[in-house]
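Written below as structure tokens is the structure these notes are about.
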Amino acid sequence: MSSAEVTEPGPTPAPRALPFLGVIVAAVLLGSAGLFVILAEATAPTAAFLRCWIAVVVLAPLAVLEIRRHGKIPPQALVIAGVSGAALGLDYVLWAQSVLDAGLGVSTVLISVQVIVFPALVWIFGGNRPGWLFIGCIPLMIIGMLLTGGVFGVDAAAANPTRGAVFGILSGILYGVYIFGIHHCRKIAPQYVVAPVEVGTIAAGVMTAAAGIALGGLDFDLGWDGWAWMLALAVCGQALSWVLLSISSPLVPVPTTAALMLLQPLSAVVLGSLIAGERLQPAQWIGAVIVAAIVWVVGGGPAALTRRRR
């Protein structure tokens, strides 16, 4: 057997792509969440509350099985899951109101500020500095978000675009905190996937309940269609998406995870245009294209293209 035969590299194993696929599917599912909020015709606090508590019920059996198999969750992971979950609950309320104020596509693009927040927190608390490619793309990320947010014009049908933009950015900061939290939980207790998500969802549910009371109460008179959309939101836009992200994100480089999560706003823009009848201005579409380009570059698109040419 020749040395060439021994050293010749084989094809990349398929399972290596699964974590990347998991992040992509999670991002697209999360991007569909705003559409469910609009179709359910629920108030922002009600949508956030039901999204969390229905997901708690869905995840509970799996979380119990996981704890029975592996024992109690480490206290540090519990604290991180609870604190980050509380941030997620506030994020949901702000974001749902942003959807109602500024539209599905705009609000979901604006929460892309998590793309900067998540790696920054990993850098601060973990010492892992993002690569120069990612850092260099940050200005373009900001430009893309500002354009899509309507700096140069917004949909005339938007109810309150300025408030929606502010709420969207604030929710993105809180969103980045939660993504960092579940990422760190998996680092501390890698055998737990569902249980930390369940703890975080309970904490988020408590926060949404408090917000609902503070903002005048919750309205559960949604009709059968509204409840069906809320169920879809809780299962697809909450339980399944966050479990997938909890499994996949520790296996993907942090900058790549952050960039792939930009598919969430991109899918929201497309869904908002095709289904919700939203009409984005040309500058907003340019911003969405910039976001897509950043996903491709930071996600390793040029490297993959070079490998194929070879």
Side-chain angles (χ1 to χ4, degrees), residues 14-15 17-34 36-37 40 46-92 95-96 114 118 174-175 177-209 227-252 257 260-261 263-264:
L18 292 180
F20 292 87
L21 181 61
V23 175
I24 290 170
V25 173
V28 173
L29 288 175
L30 288 166
S32 68
F36 297 146
V37 171
T46 301
F49 178 87
L50 292 177
R51 176 181 189 171
C52 292
W53 288 107
I54 295 174
V56 166
V57 175
V58 172
L59 292 171
L62 296 174
V64 169
L65 288 175
E66 193 171 72
I67 292 171
R68 284 181 176 177
R69 176 179 296 179
H70 300 295
K72 293 181 179 180
I73 307 173
Q76 187 180 3
L78 273 177
V79 171
I80 293 173
V83 172
S84 60
L88 181 69
L90 185 55
D91 156 44
Y92 280 163
W95 176 75
Q114 61 83 15
F118 172 42
L174 294 167
Y175 192 41
V177 171
Y178 179 71
I179 294 176
F180 170 74
I182 63 168
H183 176 84
H184 199 53
C185 280
R186 286 282 284 152
K187 293 292 185 181
I188 296 172
Q191 69 272 38
Y192 295 95
V193 175
V194 180
V197 175
E198 174 77 341
V199 172
T201 306
I202 291 172
V206 171
M207 184 63 71
T208 60
W227 278 98
W229 287 120
M230 281 292 97
L231 180 62
L233 171 61
V235 174
C236 298
Q238 177 68 29
L240 179 58
S241 54
W242 286 119
V243 169
L244 276 174
L245 198 61
S246 177
I247 294 170
S248 304
S249 67
L251 305 176
V252 177
T257 297
L260 290 175
M261 287 301 290
L263 289 171
Q264 176 183 351

For this session: Pick out which of V194, I202, V235 makes a side chain to side chain contact (heavy atoms under 4.5 Å, CB included) with L59.
Result: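 One option only clears the test, and that one is V194.
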
Is [Y] close to [X] at the side-chain level, that is, under 4.5 Å between some pair of heavy atoms?
X: Y178; Y: I182; result: yes
X: E66; Y: P196; result: yes
X: V56; Y: E198; result: yes
X: H183; Y: L245; result: no

Atom [atom1] in [X], atom [atom2] in [Y]: separation rounded to 0.5 Å?
X: I24; Y: F20; atom1: CD1; atom2: CZ; result: 8.5 Å
X: Y92; Y: T201; atom1: OH; atom2: OG1; result: 7.0 Å
X: I188; Y: L78; atom1: CD1; atom2: CG; result: 10.0 Å
X: I80; Y: K187; atom1: CD1; atom2: NZ; result: 13.0 Å
X: T208; Y: D91; atom1: OG1; atom2: CG; result: 11.5 Å
X: L18; Y: L244; atom1: CG; atom2: CG; result: 11.0 Å

Determine the minimum heavy-atom distance between [X] and [Y], stating which atoms define it.
X: G205; Y: C52; answer: CA-CB, 3.7 Å
X: A86; Y: A203; answer: N-CB, 3.8 Å
X: G82; Y: V199; answer: N-CG1, 4.1 Å
X: I73; Y: A195; answer: CD1-CB, 3.4 Å
X: A47; Y: L233; answer: O-CD2, 4.2 Å
X: R186; Y: S246; answer: NE-O, 2.8 Å

Exercise. Any idea how F49 and W53 line up, ring-wise: parallel (<30°), tilted (30 to 60°), or perpendicular (>60°)?
Worked result: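 Ring orientation of F49 relative to W53: tilted.
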
For this session: Tell me, please, which residues at least two apart from S241 pass side chain to side chain donor-acceptor pair (under 3.5 Å).
Result: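 Side chain to side chain donor-acceptor pair (under 3.5 Å) check on S241 returns nothing, list empty.
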
Problem set entry | Expected output: side-chain Y192 to main-chain H70 donor-acceptor under 3.5 Å |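 Flag set: sc Y192 to bb H70 pair under 3.5 Å.
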
